[in-house]
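To start, the structure under review is shown below, and the notes come after it.
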Amino acid sequence: MSKLTLSMVVKNESHRYLRKALLQHRDWIDEAVIIDDGSTDDTSEICEELLSGIPLQLIRNPESRFANEVQLRKQQWEATVQTNPEWILNLDGDELLEDQFANQVRDLLSHCEQDAIYFRLYDMWSETSYRDDAYWSAHHYYRPFLIRYKPDLPYLWKETPQHCGRFPATINHFSYLCHPARIKHFGWAKPEDRIEKYERYMRLDPNAQYGWKEQYDSILDEHPNLVTWEE
């Protein structure tokens with residue numbers, strides 16, 4: 001049976017979606033590597049509680065490294081590969097795979113001939129709706145979230161302090177399949193989260209050197225186009 005390692009970066013997730021995410025994941029992962037990036041709440045304790053009985057490598061950063069995201073993602077990657085993973089599932093604490101995936105994952109990994117599995121991510125703008133417009137269309141494309149680790153490869157990164165990718169750029173050359181299970185991303189679902197993220201981008205990338213200025217500005221749009229999520 002292929003070993004599946006959950007790799008995750010979290011920060012101050014106590015009152016957000018981490019509990020729901022970990023309860024969903026724990027039934028079908030074999031191991032977890034979590035970077036707590038400077039939380040000031042009980043995020044780390046939640047991880048230890050909800051992943052009890054599962055091998056867990058929990059690293060606590062005393063201060064957040066997100067201002068230079070590529071260094072944070074490299075830290076996450078190095079900690080993960082040190083556990084000798086076979087498959088790595090890279091999700092954030094506010095991302096949840098559809099329930100159907102739990103019944104498919106073991107058979108999928110056992111018989112998968114490709115080295116990466118791509119999914120569509122939906123940016124939820126509420127608990128029940130996702131955003132769909134020119135600025136928010138991630139769900140129209142498949143992206144890598146689950147990869148087979150190849151220890152003999154040199155792994156190179158997109159060396160940017162923001163929007164560097166959650167995996168090394170090397171994995172973009174892996175053979176892949178597109179899976180129909182969808183990922184709900186709740187990072188934008190609450191108005192206070194949107195404001196906080198907008199202010200963070202304005203602080204870390206005020207000239208949109210690494211992102212898209214119009215998309216940054218659209219975060220605070222009061223009347224975005226929303227589509228009801230259907231199971």
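All residue numbers in this chain count up from 1 along the given sequence.
Looking at Ser218 and Asp221, their side chains never bring a donor and an acceptor atom within 3.5 Å of each other.
For Asn12 (side chain) and Thr40 (main-chain N/O), a donor-acceptor pair under 3.5 Å exists by modelled atom type. Looking at Asp30, its side chain never comes within 3.5 Å of a backbone N or O of Thr5 through a donor-acceptor pair. With hydrogens and angles ignored, the 3.5 Å screen pairs a side-chain donor or acceptor of Arg143 with a backbone N or O of Ala138. For Asp41 (side chain) and Thr43 (main-chain N/O), a donor-acceptor pair under 3.5 Å exists by modelled atom type. A donor-acceptor contact shorter than 3.5 Å is absent between the side chain of Arg120 and the backbone of Cys178. Judged by distance alone, the side chain of Ser110 and the main-chain N or O of Arg106 form a donor-acceptor pair under 3.5 Å. With Gln162 contributing its side chain and Phe66 its backbone, the two residues share a donor-acceptor pair below 3.5 Å. No side-chain donor-acceptor contact under 3.5 Å links Gln71 to the backbone of Arg65. Side chain of Glu69 to backbone of His163: a donor-acceptor contact under 3.5 angstrom is found. Side chain of Arg131 to main chain of Tyr122: no donor-acceptor pair is present (N/O by atom type, distance under 3.5 Å, no hydrogens or angles).
Residues Val105 and Leu91 share a hydrophobic cluster, clusters being chains of Ile/Leu/Val/Met/Phe/Trp/Tyr side chains in contact below 4.5 Å. Residues Leu96 and Val10 do not share a hydrophobic cluster, defined by chaining ILVMFWY side chains whose heavy atoms lie under 4.5 Å apart. Under the 4.5 Å side-chain heavy-atom criterion for ILVMFWY residues, a single connected hydrophobic cluster contains both Leu121 and Leu177. By the criterion of side-chain heavy atoms lying less than 4.5 angstrom apart, applied directly or through intervening Ile, Leu, Val, Met, Phe, Trp or Tyr residues, Tyr17 is not grouped with Trp188; the two fall into different hydrophobic clusters. Taken together through direct or relayed side-chain contacts under 4.5 Å among Ile, Leu, Val, Met, Phe, Trp and Tyr, Trp212 and Tyr210 form parts of separate hydrophobic clusters.
Closest approach of Thr228 to Ser129, counting heavy atoms only: CA-OG, 3.9 Å. Taking each heavy atom of Tyr155 and Thr170 in turn, the nearest pair found is CA-OG1, 3.4 Å. When all heavy atoms of Trp157 and Val70 are compared, the closest pair comes out as CB-CG2, 4.1 Å. Taking each heavy atom of Gly187 and Asp193 in turn, the nearest pair found is O-CB, 3.5 Å. Taking both residues in full, the closest heavy atoms of Leu97 and Ala181 are given as CD2-CB, 4.2 Å, listed atom of the first, atom of the second, then distance. Taking all atoms of both residues into account, the shortest heavy-atom contact from Arg16 to Asp94 is NH2-OD2, 3.5 Å.
One finds the CD atom of Gln57 at 12.5 Å from the SG atom of Cys47 (value rounded to the nearest 0.5 Å). Atom NE2 of His25 is separated from atom NZ of Lys20 by 11.0 Å, given to the nearest 0.5 angstrom. In this structure, the separation between CG on Asp27 and CD1 on Ile54 is 7.5 Å, given to the nearest 0.5 Å. Distance check, rounded to the nearest 0.5 Å: CD1 of Ile195 to CD of Glu192 gives 7.5 Å. Taken to the nearest 0.5 Å, the CG atom of Leu18 stands 12.0 Å off from the CD atom of Glu95. Going from atom CG of Asn61 over to atom CG of Asp36 covers 7.5 Å, rounded to the nearest 0.5 Å.
Taking the six-membered ring where the residue is Trp, Trp229 and Tyr130 present perpendicular rings, their angle passing 60° and hence far from 30°. Classified by interplanar angle (parallel below 30°, tilted 30° to 60°, perpendicular above 60°), the ring pair Trp28/Phe101 is perpendicular.
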Exercise for the section: Carefully, step by step, assess Leu204 and Arg200 under the rule side-chain contact (heavy atoms from CB on, under 4.5 Å). Expected result: CA-CA 6 Å; Leu204 299 179; Arg200 185 178 68 191; 3.7 Å; yes

Exercise for the section: Evaluate the side-chain contact (heavy atoms from CB on, under 4.5 Å) criterion for residues Ile34 and Ile59: first the C-alpha distance (whole Å), next the side-chain angles of each, then the deciding distance (0.1 Å), finally the verdict. Expected result: CA-CA 6 Å; Ile34 298 179; Ile59 299 171; over 6 Å; no

Exercise for the section: Begin from the C-alpha positions of Gln82 and Glu78 and carry the test side-chain hydrogen bond (donor to acceptor under 3.5 Å, both in side chains) through to its verdict. Expected result: CA-CA 6 Å; Gln82 285 175 12; Glu78 292 301 324; 4.8 Å; no

Handout entry: Gln76 vs Ser7, side-chain contact (heavy atoms from CB on, under 4.5 Å): CA-CA, chis, key distance, verdict
Key = CA-CA 7 Å; Gln76 177 192 12; Ser7 183; 3.0 Å; yes

Handout entry: side-chain contact (heavy atoms from CB on, under 4.5 Å) between Leu58 and Ile35, intermediate numbers included
Key = CA-CA 6 Å; Leu58 178 62; Ile35 308 292; over 6 Å; no

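Between Leu156 and Pro168, every side-chain heavy-atom pair lies at or beyond the 4.5 Å cut-off. You'll find the side chain of Leu4 reaches within 4.5 Å of the side chain of Leu109, heavy atoms only. Counting only heavy atoms from C-beta outward, the side chains of Ile147 and Asp115 never approach each other to under 4.5 Å. With a 4.5 Å cut-off on side-chain heavy atoms, Ile117 and Tyr176 do not count as touching. Between Arg26 and Leu22 the shortest side-chain heavy-atom distance does not fall below 4.5 Å. Residues Asp132 and Asp123 fail the side-chain proximity criterion, which asks for heavy atoms closer than 4.5 Å. Side-chain contact between Arg19 and Glu49: present, with at least one pair of heavy atoms (C-beta onward) separated by less than 4.5 Å. Between Met202 and Ile219, every side-chain heavy-atom pair lies at or beyond the 4.5 Å cut-off.
The neighbour count for His15 NE2, taken as heavy atoms of other residues, nucleotides or ligands under 6.0 Å away, does not exceed 12.
Test Tyr135, Phe186, Trp136 against Trp125 for ring pair (Phe, Tyr, Trp, His ring centres under 6.0 Å) and you get one pass: Trp136. Between Ile88 and the options Leu146, Val33, Thr80, a side chain to side chain contact (heavy atoms under 4.5 Å, CB included) holds for only Thr80. The only member of Lys11, Glu13, Met8, Arg166 that meets side chain to side chain contact (heavy atoms under 4.5 Å, CB included) when paired with Asp92 is Arg166.
For Arg194 and Glu222, the salt-bridge test fails: no basic side-chain N is under 4.0 Å from an acidic carboxylate O. Classification of Glu159 and Lys74 as a salt-bridged pair holds, one side-chain N sitting under 4.0 Å from a carboxylate O.
Between His179 and Phe145, the gap from one ring centroid to the other reaches at least 6.0 Å.
Phe174 carries Lys150 over the face of its six-membered ring, with the cationic atom under 6.0 Å from the centre and within 45° of the normal. Cation-pi geometry between Lys3 and Trp87 is not satisfied (NZ or CZ under 6.0 Å from the ring centre, within 45° of the ring normal).
Lys190 pairs by the side-chain hydrogen bond (donor to acceptor under 3.5 Å, both in side chains) definition with nothing, not counting sequence neighbours.
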